[in-house]
Each structure stands twice: as C-alpha cells, then as structure tokens.
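Reviewing the structure listed below.
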Amino acid sequence: MSDGAGITPRASDFSAWYNEAVMRAELADYSPVRGCMVIRPNGYALWELMQRSLDDLFKASGHRNAYFPLFIPESFLRREAEHVKGFAPQTAVVTRAGGKELDEPLVIRPTSETIIYAMFAKWIQSYRDLPLLINQWANVVRWELRTRLFLRTTEFLWQEGHTAHADEADAEREARQMLGIYRRFMEEWMAMPVVTGIKTAGEKFAGALRTYSCEGLMQDNRALQAGTSHNLGQNFAKAFGVQFQTVAGDLDYVWNTSWGVSTRLVGALVMTHGDDVGIVCPPRLAPVQAVVVPIWRSDAERARVLEAATRSVALLREAGVRVEVDARDGMTPGAKYYEWEGRGVPLRLEIGPRDVSAGQAMAARRTGGKSALPLDGLAQRVVVELEAVQRGLLETARARREAHTRRGVGRDELVAMMEGEGGFAYAGFCGGAECEAAIKERTKAAVRVLPDEEFRSPSAPARCVWCGAPSSAEAMWARAY
RNA sequence: CGGGACGUGGCGCAGCCCGGUAGCGCACCUGAAUGGGGUUCAGGGGGUCGCGGGUUCAAAUCCCGCCGUCCCGACCA
C-alpha cells in the first residue's frame with residue numbers, strides 16, 4: 001500500500017488486510033524497538049474514548065482508580081507458585097540500575113497482582129475495610145516473540161481491576177459483575193457481540209480459581225479473547241498475608257478478583273467492523289463521528305458553501321457530535337472521501353452549492369447508503385443517523401457470528417470446521433484435559449469457554465465430542481488469536 | 001530456537017546473473033488550471049544502495065563475515 005490505492009481485500013489475505021487497515025487509518029506504526037508499537041493520535045483517540053466509557057462504568061460500580069509501581073521485586077512474583085510459572089517466561093527483568101547491579105532484580109510488571117496484594121495486606125485490617133475495589137490504568141510488558149499491532153505486542157496498555165472481599169460469594173459476584181460490564185461495553189459501545197463463559201482449567205489465568213472471558217468472533221472466523229475476569233480465591237491472599245478480622249472476631253484471608261481489558265480491544269474493533277476500504281468506527285467510539293466535506297468551484301461558491309458548512313459544524317458540536325470540517329484546498333472531494341473512509345468515520349456530510357440552495361446536506365454512511373438531510377434540524381437528524389449506524393454494526397456483526405456458529409457438532413465436523421472455514425463450534429465435552437489437548441493437537445482449536453447459560457444450546461449435548469463419554473458441560477471451540 | 005525469503009530516497013519496487021558511480025511508481029514541495037468519488041500539466045527537493053572487510057583502475061552489482069526484518073512451526077490480553 002504505497003500509493004494510497006486500495007488495500008489488500010480481507011478475503012485474499014486477512015492478516016495483510018489488518019495491517020494495511022491499521023496503517024491506513026494511522027492508528028499505529030511500528031517502532032524502532034522490537035515487538036513494540038507506537039499508538040498514533042488516531043489510535044490513541046479511539047483508546048481514550050474506550051477508556052473514558054469503561055472508567056465511567058467502573059466508577060459507577062464503586063471502583064476507584066489508583067496507581068502502583070511499574071517495577072515488581074522478583075521475590076514477589078515467586079510467592080504464588082502457579083502465577084510465577086505462568087509469567088516467568090514472559091518477563092523482562094531489570095538487574096542493573098544507577099550504574100550498579102541491583103541487590104534484587106526488578107521485574108517489569110506483566111500484571112500487578114503481587115504488588116497490589118502486598119499493599120492490600122497493609123490496608124486491610126477488618127471486615128469493615130471490605131470490599132476494597134481498586135482499578136489501575138497502566139502499561140504492562142510481556143516478552144513476545146511473534147507480535148501483531150494491537151493484538152499482541154511486548155508492551156501494551158490496559159486496565160487491571162483488583163478487589164478484595166470478605167467471602168467467596170462476594171468475590172464471585174464481583175468477578176461476574178465485571179464480566180457483565182465488559183460484555184455491555186463490547187456490545188453497546190464497540191458494537192461487538194461476545195460469548196461469555198468460564199475458561200477450562202487449562203486455559204485459566206495462572207493463579208486463579210476461575211477465569212471468565214468474553215470471546216468475540218473476528219471476520220476471519222477466529223476467536224479473540226477480548227476481556228477476562230478472574231476469581232482468584234484466596235491464593236494471593238495467602239501468599240501475601242492479606243488477612244482481616246471477621247464480624248465474629250476470627251482472622252480470615254480475603255477473596256480477590258482481578259479483571260482486565262487492553263488496547264487489544266482496538267484490534268478487535270478493527271477486525272469486527274472493518275471492510276475492504278479500511279476500518280469502520282462504531283459511532284459511540286469514533287474520534288470523529290461525522291466529517292463535513294464542502295464542495296465548490298468558484299470563490300463565490302466557496303464562500304457560500306463554507307459559510308453553510310461552518311454553521312452546520314457549530315450546531316452539530318452544540319448537539320455533542322464529534323465533527324470536523326475538511327476545507328483543504330487543492331484536494332478533490334473524492335480524495336477527501338477516501339481519506340476519511342480509511343479512518344473509519346461513520347458519517348460524511350457533503351455540502352455543495354446545489355445543497356446550499358436546496359437547504360440540505362448529502363449524508364453518506366460509512367456502512368453504505370446516501371440520503372439528503374435538511375440543514376434545518378441537521379443535528380437531530382445526524383444523531384439519528386449515527387444511532388442507526390451503531391445499531392447496524394452490531395446487527396451485522398451478530399448475524400455474521402450466527403452464520404459461523406454451529407451447534408451439536410460431531411467429531412468429524414469439528415475437525416472439518418476448524419481445518420476449514422473456522423467459526424464457533426458448540427459440542428459436548430467430558431471435561432478431560434486429555435480430550436482438550438487432543439483436540440487442540442488435531443485441530444489447533446481450543447475451548448474458548450464453557451458458555452454461560454444464555455449462550456448454551458437448547459438441549460444439552462449428552463456426550464463428549466471427542467471421547468464419547470458423558471458430557472459434563474457444553475463447550476465452545478474455535479481457533480483463536 | 002529450527003526451515004524459507006528479503007534488506008536500494010518516506011513507502012513499494014527495478015537495477016545485481018553479464019562490475020563503469022542509481023532509476024521508476026506513489027508520497028512530498030512550488031506554480032497554474034481543476035473541484036458532486038482517488039484531477040491534470042509543468043517545475044523541484046530528497047538516496048553513506050543494512051553494516052564491516054576483501055577482490056578490482058572501478059562494487060548496489062563479485063567474495064567473506066556480521067546485523068536486522070518478514071513469513072512458517074512450541075507459549076500468550
């Protein structure tokens with residue numbers, strides 16, 4: 001993509017399409033540091049809008065933001081056996097600083113459970129201190145060999161919620177609540193339908209009792225884990241001595257949860273809604289929701305048209321619409337259209353001399369379709385248009401997911417599906433690690449989740465798709481990112 | 001870490017086999033005309049040819065070494 005011509009179509013090479021769509025929209029760029037990317041203003045604006053929306057949801061559910069150190073003493077990570085086993089291979093460690101060897105190496109956080117719960121131990125004395133509901137927005141580092149813009153990079157941005165509760169039921173309630181908040185955000189803001197459920201023992205977070213996940217289906221029919229929420233049980237509490245005095249006067253360990261979503265969501269958004277022209281932003285998260293392109297020939301027309309465009313923009317801004325006007329000279333309207341389409345702007349308003357005379361603007365949806373909107377009452381009409389685009393994106397994505405979901409698949413069908421077109425496959429599962437491993441070996445597909453009730457098939461499968469033993473739960477398989 | 005390809009203006013490439021001092025498209029800058037789906041013409045700026053060594057009168061081109069990137073196989077939001 002050197003000349004601004006079309007990008008690789010999704011159907012011919014999805015990975016190439018993804019990279020080109022991201023680059024064309026100027027969301028990110030490769031950096032001089034291996035495995036690390038630069039998030040450019042367009043991409044960061046998208047992330048900021050995601051952050052703001054999520055942050056509001058976290059605050060509304062009683063969480064408060066805090067910030068913990070980037071560096072974690074190596075010994076902290078070691079205290080929880082499963083946790084260190086899970087992360088040790090991926091950590092970057094500082095051994096030298098200030099011109100000399102450190103007494104104790106400092107791990108650059110791959111996640112912050114250890115240092116946060118070490119602090120919780122100081123802050124929590126009594127059941128009256130519970131629940132403690134904390135969130136932090138931060139960067140983390142996980143050394144990766146194979147990286148993809150937004151989807152997997154060595155350093156990424158995320159939020160990690162960390163909470164402490166007096167009993168298991170309250171922790172479980174919290175973990176499920178946050179999963180629900182993630183789901184709501186993904187559907188209502190990102191227009192991305194997800195399947196929620198619990199991870200199998202083999203797929204859960206290192207150190208967790210249970211891990212819940214939101215799984216989206218991308219346009220190449222591969223699954224993307226978009227957000228996770230963990231009930232950590234008392235594992236970390238015991239490792240870090242997070243104890244409290246109960247109502248009855250006994251000492252007990254707290255129950256923790258942690259939950260996170262990352263800049264990976266930007267990648268998810270691209271792969272959910274993008275088309276062969278480039279990315280498509282759902283209006284609620286679009287940094288620019290509407291762009292006004294004025295069209296003129298003569299100077300007289302230019303003055304008239306710009307006047308109408310400027311007035312419209314002011315009214316739209318007043319109505320809370322994020323709108324820009326593209327009055328650049330020396331560029332044809334068509335060239336502007338392509339540029340804004342590549343950025344995924346959901347609505348374009350064309351205002352030319354004919355429109356000004358007719359008292360209207362031509363509105364073109366990024367998702368297709370043009371219509372004339374009267375300049376009188378334009379803001380209200382634009383808001384309606386944006387809502388329609390938002391709704392349409394979710395509907396299209398949901399229909400696509402349903403079209404690539406199969407239920408009650410048998411062994412041969414599972415293999416054929418995963419080796420072929422991909423998608424979500426629902427089937428019975430005995431719960432055995434051997435079957436899970438064998439299926440992964442044979443099909444490269446993993447159990448994404450044991451779906452929550454509302455996603456399960458009307459009649460529960462009786463037998464395991466692989467070994468034929470009685471099924472313990474319905475599982476959903478897919479090849480994943 | 002094992003297998004394959006590639007490093008030449010900002011991006012994409014040609015030139016290399018058969019050595020002679022670097023070219024094309026896009027992008028960028030200036031000017032004019034254009035302007036309802038990538039506008040045209042004219043002019044212009046920009047390159048230690050990944051790095052180091054060797055062969056040669058002469059190296060992007062041949063030889064040796066190194067570095068880096070990308071694609072494919074084991075772990076991960």
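FYI, side chains are in, hydrogens and waters are out, and symmetry mates aren't considered; it's all heavy atoms of this structure. On a predicted model such as this, the values are computed, not experimentally measured, just so you know. Naming: A, B, ... by sequence-line order, numbering from 1 per chain.
Of the listed nucleotides (B/G36, B/G37, B/G38), B/G38 has the atom at the smallest distance from the side chain of A/Arg24. The side chain of A/Trp296 lies closest to B/G35, out of B/C76, B/G36, B/G35. Listed nucleotides B/G37, B/U34, B/C76 differ in distance to A/Asp329; the shortest reach to its side chain belongs to B/U34. Listed nucleotides B/A74, B/A77, B/G37 differ in distance to A/Gln225; the shortest reach to its side chain belongs to B/A77. Comparing atom distances between the A/Thr153 side chain and each of B/G38, B/A77, B/G36 picks out B/A77 as nearest. Nearest to the side-chain atoms of A/Arg142 among the listed nucleotides B/A77, B/G35, B/G37 stands B/A77. Taking only side-chain atoms of A/Glu144, from C-beta outward, the nucleotide of B/G38, B/G35, B/C75 with the closest atom is B/C75.
Remark: B/C24 base-pairs with B/G12; criterion is Watson-Crick or G-U wobble with both hydrogen-bond distances under 3.5 Å. Taking a pair to require two hydrogen-bonding distances under 3.5 Å in either a Watson-Crick or a G-U wobble arrangement, B/A42 pairs with B/U30. With a cut-off of 3.5 Å on both Watson-Crick or G-U wobble distances, the partner of B/G19 is given as none. Shown here, B/C6 forms a base pair with B/G68; the pair counts as Watson-Crick or G-U wobble because both key distances fall under 3.5 Å. Across all strands shown, B/U56 forms no Watson-Crick or G-U wobble pair with both key distances under 3.5 Å.
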> Step by step, would you call A/His63 with A/Glu174 a side-chain hydrogen bond (donor to acceptor under 3.5 Å, both in side chains)?
Replying inline: CA-CA 11 Å; A/His63 302 84; A/Glu174 168 76 5; 2.7 Å; yes
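As rounded to whole Å, 10 Å separates atom P of B/G36 from atom CD of A/Glu350. The distance between atom NE2 of A/His230 and atom C1' of B/A77, rounded to the nearest whole Å, is 9 Å. With rounding to whole Å, A/Phe205 atom CZ is found 15 Å from B/C75 atom C1'.
With hydrogens and angles ignored, a donor-acceptor pair closer than 3.5 Å exists between the side chain of A/Arg348 and the base of B/G37.
In this structure, A/Arg148 and A/Ser298 both approach RNA chain B, and ranking their closest nucleotides by distance from the 5' end singles out A/Ser298. Two residues, A/Asn19 and A/Glu339, neighbour RNA chain B, and the one matched to the more 5' nucleotide by heavy-atom proximity is A/Glu339.
With a 6.0 Å cutoff to the six-membered ring centre and a 45° limit on the axis angle, A/Arg176 counts as a cation-pi contact of A/Tyr212.
Remark: ring of A/Phe156 overlaps the six-membered base ring of B/A77 in a stacked fashion, centroids less than 5.5 Å apart, planes less than 30° apart. Taking a centre distance below 5.5 Å and an interplanar angle below 30 degrees as the stacking criterion, A/Tyr337 does not stack against the six-membered base ring of B/G37.
Here A/Thr332 does not reach the OP1 or OP2 of B/G35: none of its side-chain N or O atoms lies under 4.0 Å away. Considering only side-chain N and O atoms, A/Arg152 lies nowhere under 4.0 angstrom from the phosphate OP1 or OP2 of B/C76.
By the 30° and 60° cut-offs, the orientation of the rings of A/Phe156 relative to A/Trp158 is perpendicular. Using cut-offs of 30° and 60° on the angle between ring planes, the pair A/His230 and A/Phe205 is parallel.
Taking the P atom of each, B/C28 and B/C67 are spaced 38 Å apart, rounded to whole Å. Nucleotides B/G20 and B/G7 have their C1' atoms positioned 24 Å apart, rounded to a whole Å. B/U56 sits 24 Å from B/C16 when the P atoms are compared, rounded to a whole Å. Comparing B/A77 with B/G65, their P atoms sit 42 Å apart, to the nearest whole Å.
Just one residue in the list A/Gln177, A/Arg210, A/His165 forms a side chain to side chain donor-acceptor pair (under 3.5 Å) with A/Glu172, and that residue is A/Arg210.
The existence of a salt bridge linking A/Arg442 and A/Glu419 is confirmed by a sub-4.0 Å separation between a basic side-chain nitrogen and an acidic carboxylate oxygen.
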